[in-house]
Amino acid sequence: MMKFKTPIIYGFVVALVGSLLMLTLIGLKLLGSEAILLDKEMVGGTVLFLMLYLFLLFGIYFAIRKRKELNGQIISYKEALLQGLVLSLSTAIFSVIFTYLFYELLYPEYVAETLNALKIKMQDVNVPVEKLEAKLLEKQEYYSTPTQSFYSFVGNLITGIAFTLLLSFFLKSTNRK
């Protein structure tokens, strides 16, 4: 268990920093209902998307490096892979918890406000009522806590595994003492 302490802690930090970034982007009106009304949601969404993956990449890199340092600069591909996989799973699990906390406790009106802003924007450009209602139903499902939790889990896990496979290959030790 001790050799997995670092990736679990790093996974928590990666998920927490990602959540804090989302809150910051909402505060800066780059995500959420105000961003939609100001036509800035694409910028905020892009920043969030790229930064979440960058946080995950750095988290995996530093977890593998730390384990390598603790092993006297020696780490096998398998051990590096295990460190990255534990971090990826940890990040995925903690991101689900933070997603739930955000949507259900911290900002439960987020979905309703976002849907209202989408409705206003679509009405402004004269979207037909049938299409408007269909799009709002689609977005209501997309922004729901279960859907966002699922995407958060799967996205972090799959991306983390991909990054881990790559980083483990480059960070593994070539010589054994």
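Atom OH of Tyr61 is separated from atom CG of Leu166 by 12.5 Å, given to the nearest 0.5 angstrom. Considering OG1 of Thr164 and CZ of Phe169, their distance stands at 15.0 Å, rounded to 0.5 Å. With rounding to the nearest 0.5 angstrom, the NZ atom of Lys139 is 9.5 Å from the CG atom of Leu115. Here the CD1-CZ distance, from Ile9 to Phe4, works out to 13.5 Å after rounding to the nearest 0.5 Å. In this structure, Leu87 CG and Ile8 CD1 are separated by 9.5 Å, a value rounded to the nearest 0.5 Å. Distance check: Lys131 NZ to Met122 CE gives 11.5 Å after rounding to the nearest 0.5 Å.
Side-chain contact between Tyr107 and Glu109 is present, with at least one heavy-atom pair separated by less than 4.5 Å. Looking at heavy atoms from C-beta onward, Asp39 lies in side-chain contact with Lys121 at the 4.5 angstrom threshold. When side chains are defined from C-beta on, Ile120 counts as touching Asp124, because their heavy atoms get closer than 4.5 Å.
The minimum heavy-atom distance linking Ser88 with Ile161 is given by the pair OG-N, 3.8 Å. Closest heavy-atom contact between Thr145 and Thr99: O-CG2, 4.5 Å. The shortest non-hydrogen separation linking Ser168 to Ala80 is OG-C, 3.2 Å.
Ring pair Phe62/Phe58 is tilted by interplanar angle, where 30° to 60° counts as tilted. The aromatic rings of Tyr142 and Tyr151 are tilted relative to each other, their planes meeting at an angle between 30° and 60°.
The hydrophobic cluster containing Leu118 does not contain Met42, counting ILVMFWY residues as joined when their side-chain heavy atoms lie under 4.5 angstrom apart, directly or transitively. In the hydrophobic clustering of ILVMFWY residues, with side-chain heavy atoms under 4.5 Å counting as a link, Leu137 and Val127 come out apart. Transitive grouping of hydrophobic side chains (ILVMFWY, heavy atoms separated by less than 4.5 Å) brings Phe170 and Ile60 into a common cluster. By the criterion of side-chain heavy atoms lying less than 4.5 angstrom apart, applied directly or through intervening Ile, Leu, Val, Met, Phe, Trp or Tyr residues, Tyr100 is not grouped with Phe102; the two fall into different hydrophobic clusters. The hydrophobic clustering, which links ILVMFWY residues whose side-chain heavy atoms are closer than 4.5 Å, places Leu70 and Ile74 apart.
Other residues, nucleotides and ligands place no more than 12 heavy atoms under 6.0 Å from the NZ atom of Lys29. Summarising the local packing, NZ of Lys119 is surrounded by 12 or fewer heavy atoms from other residues, nucleotides or ligands at distances under 6.0 Å.
At least one donor-acceptor pair closer than 3.5 Å links the side chain of Lys68 to the backbone N or O of Leu171. A distance-only check finds no donor-acceptor pair linking the side chain of Ser90 to the backbone of Val86 [under 3.5 Å]. For Ser95 (side chain) and Ala92 (main-chain N/O), a donor-acceptor pair under 3.5 Å exists by modelled atom type. With hydrogens and angles disregarded, no donor-acceptor distance shorter than 3.5 Å links the side chain of Thr147 to the backbone of Tyr143. Of the possible donor and acceptor atoms, one in the side chain of Ser173 sits under 3.5 Å from a partner among the backbone N and O of Ile75. Side chain of Asn156 to backbone of Ser152: a donor-acceptor contact under 3.5 angstrom is found.
Each of Glu69, Glu79, Gln83 was checked for a side chain to side chain contact (heavy atoms under 4.5 Å, CB included) with Ile64, and the lone residue meeting it is Gln83.
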Evaluation steps, salt bridge (charged side-chain N to carboxylate O under 4.0 Å, His left out), between Glu138 and Lys135: CA-CA 5 Å; Glu138 175 188 316; Lys135 191 64 165 174; 3.3 Å; yes
Show me the donor-acceptor pairs within less than 3.5 Å that the side chains of residues 12-28 make with the rest of the protein, sequence neighbours left out.
unit_1	atom_1	unit_2	atom_2	d
Ser19	OG	Ala15	O	3.1
Thr24	OG1	Leu20	O	2.8

